[in-house]
Protein chains: 2
Amino acid sequence: MKQKEIKIPEATIKRLSTYINCLERLDAEGFQVVSSELLGESCQVSPAQIRKDLSYFGEFGVRGVGYGTKNLAEQIKKILGLDKIWPTVLVGVGHLGHALLNFTFFREHGYRMVAAFDNDPGKIGREVTTDVIIHPIEKLVEITREERAAIGIITVPASSAQETADRLVEGGVKGILNFAPNKVKVPENVTIRNVSIVSELDNLAYLLSKKHGRRRLTRKKTISRPPKL
Amino acid sequence: MKQKEIKIPEATIKRLSTYINCLERLDAEGFQVVSSELLGESCQVSPAQIRKDLSYFGEFGVRGVGYGTKNLAEQIKKILGLDKIWPTVLVGVGHLGHALLNFTFFREHGYRMVAAFDNDPGKIGREVTTDVIIHPIEKLVEITREERAAIGIITVPASSAQETADRLVEGGVKGILNFAPNKVKVPENVTIRNVSIVSELDNLAYLLSKKHGRRRLTRKKTISRPPKL
DNA sequence: TTGTTAATGTGATAACTATCACGATAGCCG
DNA sequence: CGGCTATCGTGATAGTTATCACATTAACAA
Ligand SMILES: NC(=O)c1ccc[n+]([C@@H]2O[C@H](COP(=O)([O-])OP(=O)(O)OC[C@H]3O[C@@H](n4cnc5c(N)ncnc54)[C@H](O)[C@@H]3O)[C@@H](O)[C@H]2O)c1
Ligand SMILES: NC(=O)c1ccc[n+]([C@@H]2O[C@H](COP(=O)([O-])OP(=O)(O)OC[C@H]3O[C@@H](n4cnc5c(N)ncnc54)[C@H](O)[C@@H]3O)[C@@H](O)[C@H]2O)c1
């Protein structure tokens, strides 16, 4: 496949990440070779979708046979840049930050937590995991620079999210994963992704109230005005 | 707008959830009225997109003026079913489960944690928050039924995710939010949403390695075969 | 070597989603 | 009360993503 300046769907990238997981599980179950059908069954994506997703990046299978399980996982990791280590810092060691720092899955998949920061004096200096201690927020820029962290994770309250993002950018990170519910602004050359757990729940609530709630009103003009101004 | 059997884009629902947040912030900042432009600026969505999203559900604005901030937030909550309380249970009170149970935002936005479950005897009976105690996993079906929980949150290790989902379904939940990295199967009438934090990070890694990595190879046939079988 | 088989890779097509451009209209002011 | 202005609501259009269908081809067996 030619690799011109083809636009790759964002959804494809998201799926590739899940393929890795499924492939690792299938590999553990003893499948040395998987067809797009088996992989699709395993991660709930249509076989055609899988083949299309992969076709953006090259040819990884053998016609009439399938894909080498280990090999394909390896190739996808390379595509996603997970063959390299990504030094990562986290800001805001509260409930969620603590959970993320203790999530071993990350370090097993290409990310290395190199530092954590908080502004609560009571937390400074504590070891969260064996290799990460909590630094004062004032040292964020310095340490982030020093460690050449490429990714920053924001788990501070919404009110501090923007200033935290600014500091991370100053520290030189190129990507930010933001768990605070408000969007933050970053320069052009920094990538930001927002994780909105609440939106996911809300989505669920919407689907449930549509299916199990009272009947939907049909063909009725629904106008709901704001109070007179 | 007529409300026939129009298909509403999933992306619209996701955005509606974020609009609520932005509206609440703008309201707190003193804006009694917002235009689609201001709201769009605030939550980084185009004004046209916002108007289109809303138009699926009715007319909520005043031409030449804008939307009543409080009113619009209220209306969107009604659309998403957040005007009702959703009794919710959580299974697996580890690092992540603990963080979610302590996330006050949920209860302020229509969700009520009615019970938590774990299979670790050491955790049973402990109070996680003032109103939630940890029950043994064996009582899941019974208590979930009793409390009429509509939503279940899965924060157990991947290996236990499927059996947990099965129990939740047996307990009568109609929607599941799954944080385990593997997809689980549920009956037709139950809605499942997967939250993949790792995928989000991987997405970031992909974008970064594309932008900041070595030059992309262009127009070269990239074939990477699995080892000879 | 050649035919058979199974599963890939991909162009064409359908479905979905976002953007645009503008007509409609509420409020305001003279 | 009529014209002006700001902003909504929406049909038309462009762009994006998923699905389909099948030609292609590696492996294997005879
Ligand atoms: N807890 C969850 O399950 C959950 C889920 C989704 C989103 N979030 C979001 O994640 C963020 C953190 O949530 P949490 O529950 O962990 O909150 P938390 O209050 O437990 O933790 C916040 C931490 O950030 C620190 N902090 C505050 N201001 C800071 C600053 N300016 N610089 C550095 N550190 C600072 C605090 O000391 C605290 O340790 C919030 O924005 C929340 O909305 C949380
Ligand atoms: N920690 C994170 O930041 C994070 C992020 C993304 C996804 N996840 C996923 O969330 C899940 C939980 O992660 P964690 O870090 O909280 O793990 P954890 O080990 O801290 O917690 C798991 C909890 O589940 C309980 N448990 C195990 N099997 C159970 C069963 N069969 N029934 C009931 N309870 C059971 C354990 O006793 C434990 O309390 C995992 O699937 C993980 O991949 C975690």
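Each chain gets a letter, A, B and so on, in the order its sequence line appears, and its residues count up from 1. Only this structure's heavy atoms are used, side chains among them; waters, hydrogens and symmetry mates stay out.
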Exercise. Compare side-chain N and O positions of Ser36(A) against OP1 and OP2 of dA7(C) and report whether any pair is under 4.0 Å apart.
Key: no

Quick note, Gln49(A) side chain, CB onward, closest among dT10(C), dA18(D), dC8(D) is dA18(D)

Looking only at dA24(C), dA18(C), dG9(C), the nucleotide nearest the Arg63(B) side chain is dA24(C)

Among dT19(C), dC8(D), dT19(D), the one nearest any side-chain atom of Arg51(B) is dC8(D)

Winner on side-chain proximity to Lys7(A), out of dA18(C), dT17(D), dT10(C), is dT17(D)

Of the candidates dA7(C), dC8(D), dC20(C), the side chain of Ser35(B) sits closest to dC8(D)

Note to self: It should be established whether Ser46(A) places a side-chain nitrogen or oxygen under 4.0 Å from OP1 or OP2 of nucleotide dT19(D).
What the structure shows: yes

When rounded to whole Å, the NZ to C1' distance for the pair Lys52(A) and dA12(C) reads 9 Å

Contacts of Pro47(B) and Thr12(A) projected onto DNA chain D by closest heavy atom; the upstream (5') one is Pro47(B)

Regarding the side chain of Tyr67(A), the nearest nucleotide among dG9(C), dG23(C), dA18(D) is dG9(C)

Arg15(B) atom CZ is separated from dT17(C) atom P, nearest whole Å, by 10 Å

Side-chain contact check for Pro9(B): nearest option of dA7(C), dT7(D), dT17(C) is dT17(C)

Practice prompt. Using the side chain to side chain contact (heavy atoms under 4.5 Å, CB included) rule, take His98(A) and His95(B) through it: C-alpha gap first, then chi angles, then the decisive distance, then the call.
Written response: CA-CA 7 Å; His98(A) 196 263; His95(B) 289 109; 4.0 Å; yes

- Task: Look at Glu24(B) together with Lys77(B) and state whether they make a salt bridge at an N to O cut-off of under 4.0 Å.
- Result: yes

Using a 6.0 Å cut-off, check whether atom CZ of Arg112(B) has over 12 heavy atoms from anything other than its own residue.
no

Among dA27(D), dT8(C), dG9(C), the one nearest any side-chain atom of Val65(A) is dA27(D)

Would you call Glu163(A)-Arg167(A) a salt bridge at under 4.0 Å N-O? yes

Checking dA26(D), dT10(C), dA18(C) against the side chain of Val62(A) (C-beta onward), the nearest is dA26(D)

